[in-house]
Asker: 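Sending over a structure as C-alpha cells; questions will come in a sec.
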Amino acid sequence: MPDYDAAYAQLDWEVFRSWLDYFPGGGLNIAHEAIDRHVAHGRGSHEALRWIRKSGEVQRYSYADLKTETDRFANLLVNLGLGKGARVFSMLGRVPELYIAALGTLKAGGVFCPLYSAFGPEPVRARMTIGEADVLVTNAQTYTRKIAAYRADIPSLKHVLLTQDGTDTIPGTIDLKAALAETPAQFELVQTAPEDMALLHFTSGTTGRPKGAVHVHEAVVAHHATGRIALDLRPYDTYWCTADPGWVTGTSYGIIAPLTVGATMVVDEAEFEANRWYDTLEREKVTVWYTAPTAIRLLMKAGAELPRTRDLSSLRFMASVGEPLNPEAVTWSHAVFGKPFHDNWWQTETGGIMIANYASMDVKPGSMGKPLPGVAAGILEVSETGTGVIDKPMAVGHLALRRGWPSIFRSYLNEEKRFAACFRDGWYLSGDLAMRDVDGYFWFVGRADDVIKSAGHLIGPFEVESALIEHPAVAEAAVIGIPDERAGEVVKAFVTLHAGQAGSDALAKELLGHARKLLGAAIAPRQIEIVDDLPRTRSGKIMRRLLKARELGLPEGDISTLETPA
Ligand code: ATP
Ligand code: MG
C-alpha cells in the first residue's frame, strides 16, 4: 500500500474478498484459503511452518505437508463421528499439532477454540463447559494434571487427543500421532458458508470476566487483507508472531493471516528470553515481526547491548499490538533496530486489525495510526439518549467502528444482552476511549473502565504511564485512580525499575517530581509505589483493575487469566 489516502479511497471489502479464492458458488473456508489454495496454485513446496523446538532443533513443513496433515486431522474428526459444528478445544503450546488441529478442524467444518496451555484446571473446565467442547487436543501431562479429574463433569466432551507418542495407555484418550498415521490424507474439504461459525475466542479478561467471542469463516477476508496491508506481509516473507496460541492474536496473526498470504511462519516453542529472541531474529532472517508491548518492554529492560552484536538487517517491518505502545518504545526501536515499531489496535471482538500504522506512513510515536481501508472509525459521545460523533481534534470520546466488516464477532456465546449492548446507532462501541488528531491519527487514552476522574479532569492511564517510563530508572508503570475526598479520585502509580536500579523513598520522590514536570500537578500521580512486578494477563496486559482491587481491599473478581509463575 504505497499511499494510505489513495488506498483508503479505493479499497473496500469487495476488493478484499476478491483477494481470496472462495469455492464455486460462494462458499468460504479459512483452511482452504490458508493452505489448499497455495498447493492448488503450485506453491505446495514453499515452506509454511518452521518450528524451532525448545532444544533449538528445527522442523520444517511445506504447504503440501500442512495440507496432508490437516486433511488427516479432518478425516480423523469425521471418523470419530464429528464434523460440521464440532467444537475442538486446544490446550497446546507452540507445537505443530496446534496448527494441524486448528486448520484440520476448520477443514471438517468444525469450530476451533484455543485456550492458554498454562491455564489451571478451573478456567479450562469453565470454558469447555460454556463452549460445549466436543474434543480437547492437549498433551498427556496437562490432561493428567488438570483435566482427568473432572472430565466426567463435562458431558459434551467426547474425545481427548494427546500429542505425545505412546500415550495410548492413558484410559479414555487417543494418541493423536498414531491415530493420524492410520488416517488417510485424502479429504474432501467441507464446503462451509461465509457465515458458518469457525472460531471461538475468549477475551483476555483484562477488565473482568472473559467473554466468548464467536467468529465465522468470513473473518478470513479481514485476516488476509490486514496481513497484507497492516503487517505488510508478502508471499516470500519470513514472519514471526510471538503471541501465545491461547490469545486471539495467536490465531488471527499466528496462524491464519500469514498462511493465507503464503508466507513462511517461524514458530519458537520456547518462552520469552531476550538472548534467544535476538538469536531467532538474526538466524532465521525474520523479515516481518509481530509482537506486544510487554515483550518490547522486556527487551528494553534487557538492554541495548544485546541487539548491537547482531545482524538484524533482514527485518523490514515490526509491529505491536495488545496494549498501548509507549512513545519511549518507538524511540528505543529506532535507536536499536533503525526502524520503528508500528503500533496497531484491535480486539478479540473485531477479529482483526482495525487501526494501524502502515509501512508507507510516518509513525507518530504514541499513536495507534489510522483506520484500515474499509473501516470507518469515529470518536463518539455516548449518552443514554444516543450517540454523536465528536469532530473536534484531540477531544476524548468513545472509540467506535461502523458496523459491517467481515471479521466482527457474531455474538458473545450465551450472552445476548452483553452483545447487544456493544451496538448503538450502527456503531460498534469498543469500550476504549481515544482521540483523533487533525491528520486523522488515532490516540489511545485508556479503557473506559480504567479512566480516572480527578477534580474535573479525565485522566487516561496511558499518558501518565508513558511519562513515567520516560524516566531512565522506570521499566514499566501502571496507574489507577484511588478515592480522594476533595478531588473524587487521585492518581496512584505502580512502577517497576530497570535492572540495577534500587527502589527508595528518594527515587519515588524523584519520580513524583519528574511526572509533575511532564504532566502538570492536576494529572501527575499523588503516590508512587515501586514494586517488583505488575499483575498481567496471559496475553501480557497489565491488570489495572486488580491493582485497584488490592489497593482498596475489594474482591479481586475473575482472575482466571492472571499470569502466574508456571
Ligand atoms: P477483556 O475484554 O476480557 O477485558 P481485553 O479487552 O484485554 O480483555 P483483548 O480483546 O485481547 O481483550 O484486547 C483488546 C483490548 O486491548 C482493546 O480494547 C484495548 O483496550 C487493548 N489494546 C489492544 N491493542 C491496543 C493498542 N495498540 N493500543 C492500546 N490498546 C490496545
Ligand atoms: Mg475487551
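In listed order, ligands and their atoms are each counted from 1.
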Asker: Look only at interatomic distance and state if Gly322 has a nitrogen or oxygen under 3.5 Å from any nitrogen or oxygen of ligand 1.
Answerer: yes
Asker: How close do Phe202 and Pro210 get, counting heavy atoms only, and between which atoms?
Answerer: CB-CB, 4.5 Å
Asker: Think Arg125 forms a cation-pi with Tyr150, using NZ or CZ under 6.0 Å from the six-ring centre and within 45 degrees of its axis?
Answerer: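 Arg125 over Tyr150 ring: yes.
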Asker: Please work out which of Val321, Asn344, Asn357, Ile355 has its closest non-hydrogen atom nearest to atom 27 (N) of ligand 1.
Answerer: Asn344
Asker: Is the contact between Trp345 and ligand 1 made by the side chain, the backbone, both, or neither, using heavy atoms and a 4.0 Å cut-off?
Answerer: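 The part of Trp345 near ligand 1 is both the backbone and the side chain.
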Asker: Step through the shown structure and confirm whether more than 12 heavy atoms of other residues, nucleotides or ligands are within 6.0 Å of NZ on Lys453.
Answerer: no
Asker: Could you tell me whether some N/O pair between Ser539 and ligand 1 is separated by less than 3.5 angstrom?
Answerer: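 Between Ser539 and ligand 1, no N or O pair is found under 3.5 Å apart.
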Asker: Under a heavy-atom criterion of less than 4.0 Å, does Trp346 contact ligand 1?
Answerer: yes
Asker: Run the numbers for me: atoms of ligand 1, each under 4.0 Å from some heavy atom of Thr206, listed by number.
Answerer: 1 (P), 3 (O), 4 (O), 5 (P), 7 (O), 8 (O)
Asker: Given Val248, Thr537, Thr207, which has its nearest heavy atom closest to atom 4 (O) of ligand 1?
Answerer: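 Comparing heavy atoms across Val248, Thr537, Thr207, the nearest one to atom 4 (O) of ligand 1 lies in Thr207.
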Asker: For Trp247, enumerate each residue passing the ring pair (Phe, Tyr, Trp, His ring centres under 6.0 Å) test, keeping only those at least two apart in sequence or located in another chain.
Answerer: none
Asker: Starting from atom 10 (O) of ligand 1, what is the nearest protein heavy atom, named by residue and atom, and what distance separates them?
Answerer: Thr348 OG1, 2.5 Å
Asker: Report yes or no: does a heavy atom of Gly205 sit under 4.0 Å from some atom of ligand 1?
Answerer: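 Per 4.0 Å heavy-atom rule, Gly205 contacts ligand 1.
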Asker: Would you say the side-chain atoms of Ser204 and Ser539 include a donor-acceptor pair closer than 3.5 Å?
Answerer: yes
Asker: Relative to atom 13 (O) of ligand 1, which among Lys211, Lys541, Gln347 owns the nearest non-hydrogen atom?
Answerer: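 Looking at heavy atoms only, the winner is Lys541.
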Asker: Below the 3.5 angstrom mark, is there an N/O of Ser204, backbone or side chain, next to an N/O of ligand 1?
Answerer: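 Among all N and O atoms of Ser204, at least one is under 3.5 Å from an N or O of ligand 1.
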Asker: Do other residues, nucleotides or ligands put more than 12 heavy atoms under 6.0 Å from Glu195 CD?
Answerer: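 Count over threshold, so yes.
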Asker: Whether the Tyr290 and Ser320 side chains hold a donor-acceptor pair (N or O, under 3.5 Å, no angle test) is what I'd like checked.
Answerer: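 Their side chains do not contain a donor-acceptor pair, so the 3.5 Å distance test is not met.
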Asker: Would you say Ser320 has any N or O atom under 3.5 Å from an N or O of ligand 1, going by distance alone?
Answerer: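 N/O-N/O distance below 3.5 Å does not exist for this pair.
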Asker: What do you reckon, does Trp247 have a nitrogen or oxygen under 3.5 Å from a nitrogen or oxygen of ligand 1?
Answerer: yes
Asker: Looking at Thr203, which atoms of ligand 1 are within less than 4.0 Å of one of its heavy atoms?
Answerer: 1 (P), 2 (O), 3 (O)
Asker: Is Met368 close to ligand 1, meaning an N/O of one under 3.5 Å from an N/O of the other?
Answerer: no
